[in-house]
Amino acid sequence: RWVGDTTEMLTTGGGKFYLAAIVDLYSRFCVGWAVSAVNDRHLTLRALDMALKRRGPDVGLLHHSGQGCTYASEHYPARLQQHRITCSMSRRGNCYDNAVMESWFSTVKSEAGERFESYAHAKEALFDYIEVFYNQRRRHSTLGQISPAEFERRAARRLGPLENCQARSFPPAPTAS
């Protein structure tokens, strides 16, 4: 299941821009994101297109988002339907339905900041934060204190978050003689 939403960010000159993101609920990996000076359908579709190219999801994937006009317009649901993804939207006025994304944006703003020198600086800083730090290195209590990328690698090898202790520099378990 994927969850997506958009948030407003700021530049030091008083300008604002928008960050749209899609997070895979299984691994907390940010599978798609985009920034724009305008909060419109093109922004959310760019984030969705990145997620689709990155993941090539199976038919029937559930994608949840808020009811904002960029998600409720004909274009976003049509793109989901084109890829046979099931669309789910929050109940009107209920932010708890999209709590994972609200928490994700809170984390981004807390750790990467929500005010940037310029739009260009923001794009570069958000790339570094999301692609280099968040997805690859940031540890999550939900995932057993490993990063989203490591969680997915272990899942691909069918290892639990606490297994494969050698990868964590622990000595191998003793063998019975």
Side-chain angles (χ1 to χ4, degrees), residues 1-12 15-58 61-73 75-83 85-90 95 97-140 142-143 146-153 155:
R1 293 183 289 188
W2 289 353
V3 60
D5 205 355
T6 305
T7 193
E8 183 178 288
M9 308 289 271
L10 304 170
T11 62
T12 54
K16 59 184 174 182
F17 66 96
Y18 301 90
L19 168 65
I22 299 172
V23 172
D24 185 324
L25 289 176
Y26 173 69
S27 64
R28 298 304 198 259
F29 196 99
C30 180
V31 295
W33 63 279
V35 293
S36 175
V38 181
N39 186 14
D40 62 7
R41 72 176 193 271
H42 302 292
L43 170 66
T44 53
L45 287 171
R46 281 200 335 269
L48 179 59
D49 287 342
M50 178 190 278
L52 292 168
K53 287 176 188 164
R54 183 176 251 170
R55 292 300 168 112
D58 292 334
L61 170 76
L62 180 66
H63 176 35
H64 182 81
S65 69
Q67 284 192 11
C69 62
T70 59
Y71 295 100
S73 75
H75 300 93
Y76 201 87
R79 184 78 47 91
L80 294 175
Q81 187 174 36
Q82 175 186 356
H83 291 275
I85 295 172
T86 303
C87 179
S88 166
M89 290 191 174
S90 297
C95 63
D97 284 354
N98 216 10
V100 171
M101 276 311 299
E102 297 299 335
S103 175
W104 191 85
F105 284 132
S106 177
T107 298
V108 170
K109 289 176 178 184
S110 169
E111 295 179 356
E114 63 180 303
R115 188 176 296 271
F116 298 89
E117 292 174 25
S118 66
Y119 177 68
H121 176 256
K123 285 172 44 173
E124 185 177 309
L126 288 168
F127 175 88
D128 286 344
Y129 178 79
I130 295 168
E131 298 296 345
V132 178
F133 176 70
Y134 181 86
N135 282 342
Q136 303 301 320
R137 298 193 333 241
R138 188 181 188 283
R139 296 175 183 214
H140 290 261
T142 309
L143 304 176
I146 59 176
S147 71
E150 180 61 23
F151 183 83
E152 290 186 350
R153 282 190 290 274

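Any value given below was found using the heavy atoms of this structure, including those in side chains, with hydrogens, waters and symmetry copies removed.
For the side-chain hydrogen bond (donor to acceptor under 3.5 Å, both in side chains) test, residues two or more places apart in sequence or in another chain that qualify with Glu131 are Trp33, Arg54. Remark: Phe127 pairs with no residue by the ring pair (Phe, Tyr, Trp, His ring centres under 6.0 Å) rule, at least two apart or across chains. The side-chain hydrogen bond (donor to acceptor under 3.5 Å, both in side chains) check on Arg137 picks up nothing, with sequence neighbours excluded. Asp49 meets the side-chain hydrogen bond (donor to acceptor under 3.5 Å, both in side chains) test with Arg79; sequence neighbours excluded. Shown here are the ring pair (Phe, Tyr, Trp, His ring centres under 6.0 Å) partners of Phe105, two or more places apart in sequence or in another chain: there are none. In this structure Ser36 satisfies the side-chain hydrogen bond (donor to acceptor under 3.5 Å, both in side chains) test with no other residue, sequence neighbours excluded.
Pairing each heavy atom of Ala125 with each of Phe116, the nearest pair is CB-CE2, 3.7 Å. Considering every non-hydrogen atom in both Ala34 and Leu43, the closest pair reads O-CD1, 3.3 Å.
The number of heavy atoms from other shown groups lying within 6.0 Å of CD (Gln136) is above 12.
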message: Go through it in stages, so that I can follow the logic: the residues are Met9 and Lys109, the test is side-chain contact (heavy atoms from CB on, under 4.5 Å), and I'd like the CA-CA distance, side-chain angles, deciding distance and then a yes or no.
response: CA-CA 8 Å; Met9 308 289 271; Lys109 289 176 178 184; 3.6 Å; yes
- prompt: When you look at Val100 and Trp104, which way does the side-chain contact (heavy atoms from CB on, under 4.5 Å) test go after all the steps?
  reply: CA-CA 6 Å; Val100 171; Trp104 191 85; 5.5 Å; no
query: So Phe17 and Leu126, side-chain contact (heavy atoms from CB on, under 4.5 Å) or not? Walk me through it.
result: CA-CA 12 Å; Phe17 66 96; Leu126 288 168; 4.0 Å; yes
field: Audit row: Ile85, Leu52, side-chain contact (heavy atoms from CB on, under 4.5 Å) steps and yes/no
entry: CA-CA 10 Å; Ile85 295 172; Leu52 292 168; 3.6 Å; yes
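Between the side chain of Thr107 and the backbone N or O of Ser103 there is at least one donor-acceptor pair closer than 3.5 Å. Counting only distance, with no hydrogens or angles, the side chain of Asp58 and the backbone of Leu61 share no donor-acceptor pair below 3.5 Å.
To the nearest 0.5 angstrom, Glu150 atom CD is 10.0 Å from Arg139 atom CZ. Rounding to the nearest 0.5 Å places OG1 of Thr7 at 11.5 Å from NZ of Lys16.
Ring-plane geometry between Tyr134 and His140 is classed as perpendicular, the angle between the planes exceeding 60 degrees on a 0 to 90 degree scale with a lower cut at 30.
Contacts classified as side-chain hydrogen bond (donor to acceptor under 3.5 Å, both in side chains) and involving residues 112-129 (residues at least two apart or in different chains) are given here: Glu111-Tyr129.
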Which donor-acceptor pairs under 3.5 Å do side chains of residues 18-28 form with protein atoms, sequence neighbours excluded?
{"residue": "Asp24", "atom": "OD1", "partner": "Tyr26", "partner atom": "N", "Å": "2.8"}
{"residue": "Asp24", "atom": "OD2", "partner": "Arg55", "partner atom": "NH1", "Å": "3.3"}
{"residue": "Ser27", "atom": "OG", "partner": "Phe29", "partner atom": "N", "Å": "3.3"}
{"residue": "Ser27", "atom": "OG", "partner": "Glu152", "partner atom": "OE2", "Å": "2.5"}
{"residue": "Arg28", "atom": "NH1", "partner": "Leu25", "partner atom": "O", "Å": "2.6"}

